[in-house]
Q: 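Let me begin by handing over the structure; questions about it come next.
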Amino acid sequence: MNQHMPIEPIAFIDIGAQRRRLGARVEDAVARVLTHCQFINGPEVTQFEADLAAFTGARHVVGCASGTDALLMVLMAKGIGRGDAVLCPSFTFCATGEVVALTGATPVFVDVDARTFNIDPASLTRGIATARKLGLEPKAVIPVDLFGQAADHDAVAAIAAAEKLFVLDDAAQGFGATYKGRRLGRFGLATATSFFPAKPLGCYGDGGAIMTDDAELAETLRSVRVHGQGSDKYDNVRLGLTARLDTIQAAVLIEKLKIFEDEIAARNRVAVRYGEALGDVVGVPHVAPGNVSVWAQYTIRLGTVDRDGFAARLKALGVPTAIYYPRSLHQQTAYRGYPVADGGLPVSESLSREVISLPMHAYLDAATQDRVIAAVRSALKG
Ligand SMILES: *Cc1c(COP(=O)(O)O)cnc(C)c1O
């Protein structure tokens, strides 16, 4: 390549490419909402909830304003609060632990598995014991389907059943993924997801949804979503939120869901190619047998390689990277005071030092994949 040619940077996530593919279909969908003007709880919201129920197999779907609200609403509906402990991994996005603390309950952080980066069942068991020793009552566990891969839901379910905890699956990154051939959305009491634009299924703003097979919980969630309203609109029977999914976002999501399966397949082709081309030089993601990931992130492990230098060399070659997550939750200012499982969280801490994520989306063509691969191999040489 001509050394003086400016290097065109590639996109980390190319939302524009998908936008071009969808074209007028999204504009028409939004235009229909602008015509009927039912911006709150319009027909598209009901339609999208039904589409999600069909897609996941869940009996009930409650659309909401964000993934964070989806998690929080379930904890609120279950009456989680002071004195309760909710177990969750430390190596995750802050919202997982934040919603627990917002209810007044105590998040108890547990470690993750070194291969899948998802909740470690042995650390979960230790964390439950830690919570009891501290005089807290363990009530729930929030496994996270990190970077698009399902957590070990059978192992989590077995521990939760033995310890009488309910499971709230944080599928904000894993929506669309399968575990042992079953789509996420029906593991545990409820599944929360996010439609933030950069998530595998994203809208054009904030959005989220909760899936559950529990009719009573679904009804309570619909009340929490609108200030805890009862059957009479002006009799609020519990505390709630303003947490509805906008009709315009639902209209966009209806169109995006139609191409989602195809996009999941495309992301998996990129991941296979990266894995084959990079597996000899860096730690590439391990997908557990029986899992299909949706690749919210393609996150590699650098071991002892200097991460900042590596990222800088990639940037100079036009390849953007991101670090999810440079600090685990128990290492962050807002969460330092909360307990961690006995034995500490050594895997979370080493992942926070060593991981880096590469460009990943459904529209990454073979030539661009080759550029990423070549850049990674060259940047490793220092
Ligand atoms: C993005 C994310 C959330 C929160 O979703 P928002 O829609 O941004 O509120 C929660 N948990 C995880 C693991 C996430 O990645």
Side-chain angles (χ1 to χ4, degrees), residues 12-13 15 48 52 61-76 86-103 107 109-110 112-113 116-119 140-151 153 156 167-177 184-185 187-188 190-211 221 224-225 241-246 249-250 252-253 256 267 293-299 322-330 332 334-335 348 351-352 355 357 360-361:
F12 189 70
I13 294 180
I15 291 172
F48 179 59
L52 281 188
V61 177
V62 180
C64 63
S66 71
T68 305
D69 281 347
L71 292 164
L72 180 61
M73 285 165 65
V74 174
L75 298 180
M76 289 173 73
V86 177
L87 291 291
C88 69
S90 185
F91 189 63
T92 178
F93 181 62
C94 63
T96 314
E98 182 183 39
V99 291
V100 177
L102 280 172
T103 66
F109 296 118
V110 312
V112 294
D113 178 87
T116 63
F117 306 168
N118 277 325
I119 193 164
V141 51
I142 310 182
V144 177
D145 307 299
L146 199 74
F147 301 151
Q149 171 168 213
H153 287 290
V156 171
V167 177
L168 166 56
D169 185 19
D170 181 347
Q173 299 181 16
F175 184 76
L184 293 184
F187 296 95
T191 301
T193 197
S194 163
F195 304 119
F196 182 79
K199 308 283 180 177
L201 179 64
C203 56
Y204 291 148
D206 281 307
I210 304 150
M211 285 137 281
L221 290 169
V224 169
R225 181 166 70 174
L241 303 164
T242 306
R244 292 166 295 232
L245 176 67
D246 287 348
Q249 298 302 344
V252 169
L253 284 161
K256 288 210 190 189
R267 284 168 180 270
S293 177
V294 290
W295 301 103
Q297 300 298 340
Y298 189 89
T299 303
I323 296 170
Y324 301 115
Y325 296 91
R327 286 174 187 198
S328 293
L329 292 189
H330 72 284
Q332 297 189 25
Y335 301 99
S348 298
L351 290 177
S352 291
V355 293
S357 303
M360 165 57 78
H361 56 85

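Counting starts at 1 for both ligands and their atoms, in listed order. Values below: every heavy atom of this structure, side chains too, minus hydrogens, waters and symmetry copies.
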Q: Using a 3.5 Å distance criterion without hydrogens, assess whether the side chain of S194 forms a donor-acceptor pair with backbone atoms of G208.
A: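 No, because the side chain of S194 does not come within donor-acceptor range (under 3.5 Å) of the backbone of G208.
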
Q: Measure from atom 12 (C) of ligand 1 to every heavy atom in A172, C94, G207 and give the option owning the shortest one.
A: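 Selected option, by shortest heavy-atom distance: A172.
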
Q: Donor-acceptor pair, T191 side chain versus D169 backbone, under 3.5 Å?
A: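 Not at all, since once roles are kept as given, no pair shorter than 3.5 Å links the two residues.
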
Q: Quick one: look up the protein heavy atom nearest atom 14 (C) of ligand 1 and list residue, atom name and how far away it is.
A: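 It is K199 NZ, 3.0 Å.
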
Q: Establish, yes or no, whether the cationic atom of K199 lies under 6.0 Å from the six-membered ring centre of F93 and within 45° of the ring axis.
A: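 So K199 does make the cation-pi contact.
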
Q: When you measure from atom 8 (O) of ligand 1 to every protein heavy atom, which one gives the shortest distance, and what is it?
A: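 Of every protein heavy atom, S194 OG, 4.1 Å lies nearest to atom 8 (O) of ligand 1.
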
Q: Are any of the N or O atoms of T68 closer than 3.5 Å to those of ligand 1?
A: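 Yes; the residue has a nitrogen or oxygen that sits under 3.5 Å from a nitrogen or oxygen of the ligand.
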
Q: Ring pair (Phe, Tyr, Trp, His ring centres under 6.0 Å), that's the test. Do F195 and F48 meet it? Break it down for me.
A: CA-CA 12 Å; F195 304 119; F48 179 59; 5.5 Å; yes

Q: Quick one: does any side-chain atom of Q249 pair with a main-chain N or O of D206 as donor and acceptor, under 3.5 Å?
A: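 The answer is no, because no donor-acceptor pair under 3.5 Å joins these two groups.
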
Q: Is the shortest N/O to N/O distance between Y325 and ligand 1 below 3.5 Å?
A: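 Y325 vs ligand 1: no N/O contact under 3.5 Å.
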
Q: Show the atoms of ligand 1 that are less than 4.0 angstrom away from any heavy atom in Q173.
A: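 Answer, ordered by atom number: 13 (C), 14 (C), 15 (O).
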
Q: Please check: side-chain N/O of S352 versus main-chain N/O of Y325, any donor-acceptor pairing under 3.5 Å?
A: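 It does hold such a pair.
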
Q: Within the side chain of R225, is there an N or O that forms a donor-acceptor pair under 3.5 Å with the backbone of A65?
A: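 A pair under 3.5 Å: no.
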
Q: Which of the atoms in ligand 1, numbered in the order shown and given with their element, are less than 4.0 Å from a heavy-atom of V144?
A: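 Per the distance check, 13 (C).
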
Q: Regarding atom 13 (C) of ligand 1: of the candidates D170, V99, L146, which has the closest heavy atom?
A: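 Looking at heavy atoms only, D170 sits closest to atom 13 (C) of ligand 1.
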
Q: Which of the atoms in ligand 1, numbered in the order shown and given with their element, are less than 4.0 Å from a heavy-atom of S66?
A: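 Reading through ligand 1 atom by atom, the close ones are 7 (O), 9 (O).
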
Q: Closer than 3.5 angstrom, by distance alone: can the side chain of S328 be matched with the main-chain N or O of H330 as a donor-acceptor pair?
A: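 Such a contact is absent between S328 side chain and H330 backbone.
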
Q: Any nitrogen or oxygen of F195, main chain or side chain, under 3.5 Å from a nitrogen or oxygen of ligand 1?
A: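 The answer is no, given that F195 and ligand 1 share no N or O pair closer than 3.5 Å.
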
Q: Counting from 1, what ligand 1 atoms have a heavy atom of T92 closer than 4.0 Å?
A: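 The atoms of ligand 1 under 4.0 Å from a heavy atom of T92 are 13 (C).
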
